Asks: 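Below you will find the structure I want to go over with you.
All heavy atoms count here, side chains included; hydrogens, waters and symmetry mates do not. Predicted model only: the values in this text are computed from it and were never measured.
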Amino acid sequence: MLTRARLIRFCLLTLILAGTSVAVAQDGDRSRAVAIDADVSAPPGGTTKLTLTLSRPIEARAFVMERPDRAVIDLAEVNFQLRPDSGRHREGLIQSYRYGLFAPGRSRIVIDLAAPATVVRTESVTRPKDGAVLFSIELQKTDREAFRRAAVASDPAPQQRKAPAPADASDLRPLIMIDAGHGGIDPGAIAATGVFEKDIVFGFAQALTKRLEAGGRYRVRMTRDRDVFVPLGERVRIARETKADLFVSIHADSISAAPQVRGATIYTGSEKATDAESARLADRENKADAAAGTDASEGPGDIADILQELTLRETRGFSSGFARTLMGQLGPVMEMSAKPHREAGFKVLRSPDVPSVLVELGYLSSKRDLDLLQSEEWRESVTGSMARAVDLFFSNRASLTRPGPAARKAAAIAPVSP
């Protein structure tokens with residue numbers, strides 16, 4: 001007997017395969033395959049198979065990666081309409097798996113391996129009764145040395161990065177970069193209700209962008225404008241290459257072991273974390289690239305000379321100043337954590353010349369915080385306070401432009417007071 005959920009998915013697949021207008025509304029693009037079901041099986045013999053039910057055949061490329069052990073499957077763009085809990089349960093060689101948009105036109109499945117394994121086969125079979133395509137990924141257990149050789153042999157070529165659109169040189173308004181954390185294949189924290197951090201923070205980032213643009217005082221851009229994965233180092237590069245004047249990264253963490261913990265925290269960058277909790281959070285956030293099946297992308301390199309060091313010092317001063325201003329504006333309208341301003345080594349805060357903060361809006365593990373994060377009224381109030389903090393930040397700065405090389409050189413050779 002079909003369960004209600006499986007019956008709904010079967011009906012959806014029938015509509016998709018029939019090419020009805022409802023299918024187009026669900027998918028938005030007839031050229032994309034739609035995935036409506038996923039199943040994991042682990043028969044005896046050391047193999048495990050992940051099978052997706054798709055609306056049409058797709059091409060796939062699979063490879064494995066170490067540290068941590070993962071199998072990665074690159075696909076043409078797929079509209080994933082799977083159950084919210086898909087990928088969370090261990091079975092055979094599969095510890096868990098994630099899926100989502102990896103780049104425009106490309107989707108990706110990342111399988112966390114419970115033991116070293118290689119992808120021995122990907123196969124598409126059309127089911128005669130309804131025309132659905134069963135796309136399967138078969139894993140075979142192997143030893144560590146063979147897995148290491150497979151990881152080296154299948155190392156993917158570097159991605160071609162699209163350069164940011166050039167800024168309008170005639171527009172002298174400050175440029176603010178809003179960074180919605182996570183995205184695409186990287187869901188971030190997951191609430192007990194199944195809500196993803198990436199969706200919560202993207203909605204908030206859109207609202208903040210709209211609020212800032214409404215005043216007409218700023219140019220505002222987002223590091224991602226859809227549910228797509230953007231590597232951490234890429235977020236920093238986008239801000240630097242567009243010559244952003246302020247970078248604000250939006251997140252919402254989760255501590256399942258402490259659902260009573262709640263409130264917002266503002267982070268600025270530092271090699272040394274304020275406390276162990278901040279260090280753990282930064283380490284977890286910095287693993288986003290690995291979770292998406294990419295090599296960790298580092299931010300700017302080591303400080304090369306005293307001029308760069310002076311720039312970094314000045315930038316961190318501006319970052320801390322904005323954090324304090326933001327804290328003052330947010331305090332009256334939202335719950336703040338016990339230590340509302342902290343420092344840690346977040347990769348997205350490593351720009352040496354763009355003042356940057358990371359705002360943890362609250363905890364998805366707290367029912368109260370989760371309710372507020374999904375409240376339009378709360379969002380309107382908080383984005384309004386953040387916009388006021390931005391106004392204060394720029395009105396208090398003597399100049400909205402960064403010091404040029406000549407100014408920094410003069411500062412570098414000026415006598416230092418004891």
Side-chain angles (χ1 to χ4, degrees), residues 2-3 5-6 8-10 12-13 16 27 32-66 68-103 106-127 129-143 146-147 150-151 153-154 156 184-187 190 194 196 227 229 290-294:
L2 286 174
T3 65
R6 286 188 176 274
I8 291 172
R9 289 195 296 276
F10 177 79
L12 174 61
L13 179 62
I16 291 170
D27 186 22
R32 288 189 297 172
V34 181
I36 66 161
D37 200 8
D39 179 69
V40 177
S41 59
T47 64
T48 301
K49 184 182 290 187
L50 170 62
T51 302
L52 301 181
T53 303
L54 303 172
S55 60
R56 67 173 183 80
I58 56 173
E59 293 185 356
R61 174 179 178 271
F63 56 94
V64 294
M65 301 182 75
E66 278 194 300
D69 294 347
R70 293 151 289 166
V72 181
I73 299 86
D74 278 337
L75 315 162
E77 188 169 338
V78 173
N79 182 7
F80 290 96
Q81 299 285 342
L82 305 182
R83 300 184 305 274
D85 62 347
S86 293
R88 298 190 203 174
H89 306 296
R90 175 171 178 169
E91 183 78 25
L93 294 166
I94 296 179
Q95 182 79 38
S96 61
Y97 63 90
R98 297 171 296 284
Y99 49 86
L101 190 62
F102 180 69
R106 295 173 54 199
S107 290
R108 173 170 282 191
I109 301 170
V110 178
I111 301 173
D112 296 317
L113 298 172
T118 55
V119 180
V120 293
R121 183 180 299 107
T122 59
E123 184 178 38
S124 294
V125 176
T126 301
R127 193 163 58 190
K129 66 178 181 180
D130 57 10
V133 174
L134 301 181
F135 172 70
S136 60
I137 303 153
E138 186 174 347
L139 302 167
Q140 175 69 56
K141 188 174 183 179
T142 188
D143 58 61
F147 180 80
S154 62
I185 195 170
D186 173 22
I190 303 174
F196 292 161
D227 184 20
F229 174 75
T294 66

Asks: I'd like to check the side chain to side chain contact (heavy atoms under 4.5 Å, CB included) partners of S124; sequence neighbours left out, ordered by chain and number.
Replies: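 With sequence neighbours excluded, S124 shows a side chain to side chain contact (heavy atoms under 4.5 Å, CB included) to V133, F135, given in chain and number order.
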
Asks: Between R127 and D130, does at least one N-O distance fall below 4.0 Å, as a salt bridge requires?
Replies: yes

Asks: Once salt bridge (charged side-chain N to carboxylate O under 4.0 Å, His left out) is applied, do any residues pair with E123, and if so which ones, sequence neighbours excluded?
Replies: none

Asks: Residues in side chain to side chain contact (heavy atoms under 4.5 Å, CB included) with D227, at least two apart?
Replies: K198, R224

Asks: To the closest 0.5 Å, what do you measure between CG (D39) and CG (L52)?
Replies: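 These two atoms lie 10.0 Å from each other.
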
Asks: Where the side chain of R108 meets the backbone of A292, is there a donor-acceptor pair that is under 3.5 Å apart?
Replies: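 Flag set: sc R108 to bb A292 pair under 3.5 Å.
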
Asks: To the nearest 0.5 Å, what is the distance between OG1 on T53 and CD1 on I36?
Replies: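 Taking OG1 in T53 and CD1 in I36, the distance rounds to 6.0 Å.
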
Asks: Does T122 reach the main-chain N or O of I137 with its side chain, forming a donor-acceptor pair under 3.5 Å?
Replies: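 The answer is no, because no donor-acceptor pair under 3.5 Å joins these two groups.
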
Asks: Roughly how far, to the nearest 0.5 Å, is the CG atom of L134 from the CG atom of L54?
Replies: 8.0 Å

Asks: How many angstroms lie between NZ in K49 and CD in Q140, if you round to the nearest 0.5 Å?
Replies: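 It comes to 12.0 Å.
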
Asks: Mind checking side chain to side chain contact (heavy atoms under 4.5 Å, CB included) for P43 and listing every partner two or more places apart, or none if nothing turns up?
Replies: S41, T47

Asks: Kindly indicate, with the supporting measurements, whether the criterion side-chain contact (heavy atoms from CB on, under 4.5 Å) is fulfilled by I190 and R88.
Replies: CA-CA 11 Å; I190 303 174; R88 298 190 203 174; 3.3 Å; yes

Asks: Holding to side chain to side chain contact (heavy atoms under 4.5 Å, CB included), I want the full list of residues that pass it with T142, two or more places apart in sequence or in another chain.
Replies: P116, T118, A146, F147

Asks: Do any N or O atoms from the side chain of R70 and from the backbone of A290 form a donor-acceptor pair under 3.5 angstrom?
Replies: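 Indeed, once roles are kept as given, a pair shorter than 3.5 Å links the two residues.
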
Asks: Could you walk me through whether V34 and Q81 pass side-chain contact (heavy atoms from CB on, under 4.5 Å), step by step?
Replies: CA-CA 7 Å; V34 181; Q81 299 285 342; 3.9 Å; yes

Asks: Could you tell me the separation between the CG atom of L50 and the CD1 atom of I109, rounded to the nearest 0.5 Å?
Replies: 6.0 Å

Asks: Write down the atom of A117, the atom of L139, and the distance for their closest heavy-atom approach.
Replies: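 Heavy-atom minimum between the residues: CB-CB, 4.4 Å.
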
Asks: Does the side chain of D37 come within less than 4.5 Å of T51's, by heavy atoms?
Replies: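 No; the side chains remain at least 4.5 Å from each other.
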
Asks: Just how far is it from atom CD1 of I185 to atom CZ of R106, taken to the nearest 0.5 Å?
Replies: 10.5 Å

Asks: Using a 3.5 Å cut-off and no angle test, enumerate the donor-acceptor pairs between side-chain atoms of residues 91-102 and protein atoms at least two apart in sequence or in another chain.
Replies:
{"unit_1": "Q95", "atom_1": "OE1", "unit_2": "R90", "atom_2": "NH1", "d": "3.4"}
{"unit_1": "S96", "atom_1": "OG", "unit_2": "D112", "atom_2": "OD2", "d": "2.9"}
{"unit_1": "Y97", "atom_1": "OH", "unit_2": "G87", "atom_2": "N", "d": "3.4"}
{"unit_1": "R98", "atom_1": "NE", "unit_2": "A291", "atom_2": "O", "d": "2.9"}
{"unit_1": "R98", "atom_1": "NH1", "unit_2": "D112", "atom_2": "OD1", "d": "3.4"}
{"unit_1": "R98", "atom_1": "NH1", "unit_2": "D112", "atom_2": "OD2", "d": "2.5"}
{"unit_1": "R98", "atom_1": "NH2", "unit_2": "D112", "atom_2": "OD1", "d": "3.3"}
{"unit_1": "R98", "atom_1": "NH2", "unit_2": "A291", "atom_2": "O", "d": "2.5"}

Asks: Minimum heavy-atom separation for L82 to A35, with atom names?
Replies: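 Distance-wise, the nearest heavy atoms are CD2-O, 3.6 Å.
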
